[in-house]
Structures are given as structure tokens and as C-alpha cells.
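Heads up: numbering here begins at 1 and tracks the sequence. Note that the structure is predicted; figures quoted are calculated from it, not measured.
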Amino acid sequence: MPETIHIPAREGRAARVPAGARFRVVDLEGRQVADLFAFVAGDVSEYASAEHTRASVDRLFPRVGEHFYTNRRRPILFFEEDGSPGVHDMLCAACDPTRYAGLGVDGWHASCQENLQKAMAGLGHDRIEVPQSINLFMNIPVAPDGSLGWEPAPTKAGDHAAFRAELDCVVVVSACPQDIVPINGGSPSAIALVLD
């Protein structure tokens with residue numbers, strides 16, 4: 001029976017996913033980015049790495065049927081199914097307090113970095129690297145001159161992406177709190193992590 005972990009807007013959650021198990025990340029309301037992180041359960045210094053994945057698949061983002069790779073160049077996630085418009089990002093770092101300060105926020109603002117750190121600390125991992133996130137549903141068009149756009153996620157309610165763990169993992173999903181640039185349509189909303 002699938003287990004559904006509800007991730008409220010602006011928050012993050014972690015789950016242990018054994019090798020061979022499948023999980024889905026679901027945009028519950030539409031137009032919401034989900035920052036996905038995956039760490040090797042037995043050694044969290046090994047994690048899904050955007051730069052190693054790009055070098056392994058020769059693309060900015062894997063296609064269905066391809067892998068995400070760790071910083072030690074091992075497959076960690078297999079991209080099984082894309083039930084969304086297929087727009088994702090692995091160029092932009094997870095939002096963090098410094099990013100929001102640079103965008104003019106005065107005081108504390110929820111961030112994917114802090115969501116990741118809190119979720120991992122809840123499982124006993126107090127000191128982790130904050131890797132480049134796998135930004136599901138995030139729409140960052142690259143112009144011919146190399147400049148980046150910040151567009152709303154093109155997803156609708158119920159759109160999802162499905163993965164299979166290739167190693168025993170700790171998976172963290174953050175319902176991105178970004179409400180300054182328009183990637184979440186200006187109004188962050190909830191995500192579901194479904195463990196099949």
C-alpha cells in the first residue's frame with residue numbers, strides 16, 4: 001500500500017527509500033517547484049549530484065529511462081516516469097537565507113536549504129553537504145545569449161515525476177518557498193511524496 005507524506009507549502013520532509021523501491025513527487029495544486037535531494041543512507045557524504053549527472057548523461061537534465069548520479073559517479077536514482085510537462089532544472093542552487101537577503105527580504109524567510117538541513121537533522125544527520133538540488137517542475141529557460149529566465153512552473157494539480165532508488169537512500173523533498181521570483185506563480189503550495 002503506498003504511503004503518502006504530505007509536505008506543506010514552504011516545508012520539507014525526508015524518507016528512507018530502500019534500493020529497488022519506487023517513489024513519486026506530486027504537485028498537489030499546480031505551479032509548484034519541488035527541490036529533490038537524495039543521499040546514500042549508509043554514508044550521507046555521497047549524494048545525488050547535478051554536475052556529475054550532467055557529465056554522465058550529456059544533458060542538462062536526464063530523460064525518462066536515464067539515471068541521476070552521485071558525487072562518486074554511481075547511479076542513485078532512475079527516472080522512471082514523467083507525468084508532467086517535462087520541465088525541470090539542475091542549474092540553480094536551492095534557495096537559502098543569503099539568496100533571500102539578496103532579493104531584499106528583511107528578516108527570516110523559509111528556504112529549501114534550511115528545509116533540507118532540518119529534515120536531515122530529524123534523522124540524525126546534523127552535518128551534511130547541501131548539494132545542488134534536482135529542481136522538479138522548475139522552469140528556467142536558457143536564452144541563446146546564455147541568460148536565464150525565471151518562469152512559473154508549468155505543472156497542473158496532480159502532475160508528478162516517478163523515480164526508483166538504485167541505492168539505499170534518504171530522500172528529501174522541499175516544497176520550495178520562493179515567492180519573490182515567479183517560479184511558484186507567486187504563491188507556494190504543497191507537494192506530496194508518495195512511497196510506492
For residues 154-196, the ring pair (Phe, Tyr, Trp, His ring centres under 6.0 Å) pairs (sequence neighbours left out) are Phe23-Phe163, Phe68-Phe163, Phe79-Phe163
Discussion item. Is there a path of hydrophobic side-chain contacts, each under 4.5 Å between heavy atoms of I/L/V/M/F/W/Y residues, joining Ile134 to Leu91?
Written reply: no
Contacts satisfying salt bridge (charged side-chain N to carboxylate O under 4.0 Å, His left out) that involve residues 83-109 (not counting sequence neighbours) are none
Applying side chain to side chain contact (heavy atoms under 4.5 Å, CB included) to Glu51 and not counting sequence neighbours gives Ser49, Arg54, Gln132
- Query: Are Val170 and Val17 in one and the same hydrophobic cluster, where Ile, Leu, Val, Met, Phe, Trp and Tyr link if side-chain heavy atoms are under 4.5 Å apart?
  - Reply: no
Distance col, row Leu116:CG vs Ser133:OG, nearest 0.5 angstrom, shows 9.0 Å
For residues 142-153, the side chain to side chain donor-acceptor pair (under 3.5 Å) pairs (sequence neighbours left out) are Asp145-Ser147
| said: Using the rule that Ile, Leu, Val, Met, Phe, Trp and Tyr join whenever any side-chain heavy atoms are under 4.5 Å apart, tell me whether Ile128 and Phe37 fall into a single cluster. | reply: yes
Leu36 vs Leu77, side-chain contact (heavy atoms from CB on, under 4.5 Å): CA-CA, chis, key distance, verdict: CA-CA 11 Å; Leu36 170 65; Leu77 299 177; 4.1 Å; yes
Hits for side chain to side chain contact (heavy atoms under 4.5 Å, CB included) against Glu46, two or more places apart or cross-chain, chain-then-number order -> Val40, Thr70, Asn71, Arg72, Arg74
Sorted by chain and residue number, the ring pair (Phe, Tyr, Trp, His ring centres under 6.0 Å) partners of His109 (sequence neighbours excluded) come out as Tyr100
Would you mind reporting whether Pro177 and Asn115 have side-chain heavy atoms less than 4.5 Å apart?
yes
>> Are Gln113 and Pro97 packed together at the side-chain level, in the sense that at least one heavy-atom pair is separated by less than 4.5 angstrom?
In response: yes
Q) Would you say Ile140 and Asn135 make side-chain contact, with heavy atoms under 4.5 Å? A) no
Any link between Val44 and Tyr47 through a network of hydrophobic side chains (Ile, Leu, Val, Met, Phe, Trp, Tyr) touching at under 4.5 Å?
yes
If you group Ile, Leu, Val, Met, Phe, Trp and Tyr by side-chain heavy-atom gaps below 4.5 Å, do Met138 and Val87 land in one group? no
dist Leu103:CG -> Thr98:OG1 (nearest 0.5 Å) comes out at 11.0 Å
Distance-only check: which donor-acceptor pairs under 3.5 Å involve side-chain atoms of residues 182-196, not counting sequence neighbours?
| from | atom 1 | to | atom 2 | distance (Å) |
| --- | --- | --- | --- | --- |
| Asn184 | OD1 | Gln32 | NE2 | 3.4 |
| Asn184 | OD1 | Val33 | N | 2.8 |
| Asn184 | ND2 | Cys176 | O | 3.1 |
| Asn184 | ND2 | Gln178 | O | 3.0 |
| Asp196 | OD1 | Arg24 | NH2 | 3.0 |
| Asp196 | OD2 | Arg22 | NH1 | 2.6 |
| Asp196 | OD2 | Arg24 | NE | 3.1 |

Residues pairing under salt bridge (charged side-chain N to carboxylate O under 4.0 Å, His left out) where one sits in residues 25-36, two or more places apart or in two chains, turn out to be none
Correct closest heavy-atom pair for Ala175 and Pro8 would be CB-O, 3.6 Å
Rounded to the nearest 0.5 Å, the CD1 atom of Ile76 sits from the OG1 atom of Thr53 at a distance of 9.0 Å
Counting C-beta onward and ignoring hydrogens, is there a side-chain heavy-atom pair between Phe61 and Leu136 closer than 4.5 Å? yes
Hits for side chain to side chain contact (heavy atoms under 4.5 Å, CB included) against Arg63, two or more places apart or cross-chain, chain-then-number order -> Arg59, Glu66
For Ser84, the side chain to side chain contact (heavy atoms under 4.5 Å, CB included) test, sequence neighbours excluded, returns Asp82, His88, Phe137, Thr155, Asp159
Besides Trp108, the hydrophobic cluster formed by Ile, Leu, Val, Met, Phe, Trp and Tyr side chains linked at under 4.5 Å, directly or via other members, contains none
Shortest non-hydrogen pair, Pro154 vs Pro85, comes out as O-CG, 3.4 Å
Contacts satisfying salt bridge (charged side-chain N to carboxylate O under 4.0 Å, His left out) that involve residues 4-18 (not counting sequence neighbours) are Arg10-Asp179, Glu11-Arg13
Check your understanding: Which word best sums up how the rings of His67 and Tyr69 line up, parallel for under 30°, tilted for 30 to 60°, or perpendicular for over 60°?
Key -> perpendicular
Tightest non-hydrogen contact, residues Gln117 and Val130, listed as NE2-CG2, 3.7 Å
Review point. Is the closest side-chain heavy-atom distance between Val171 and Val25 below 4.5 Å?
Key: no
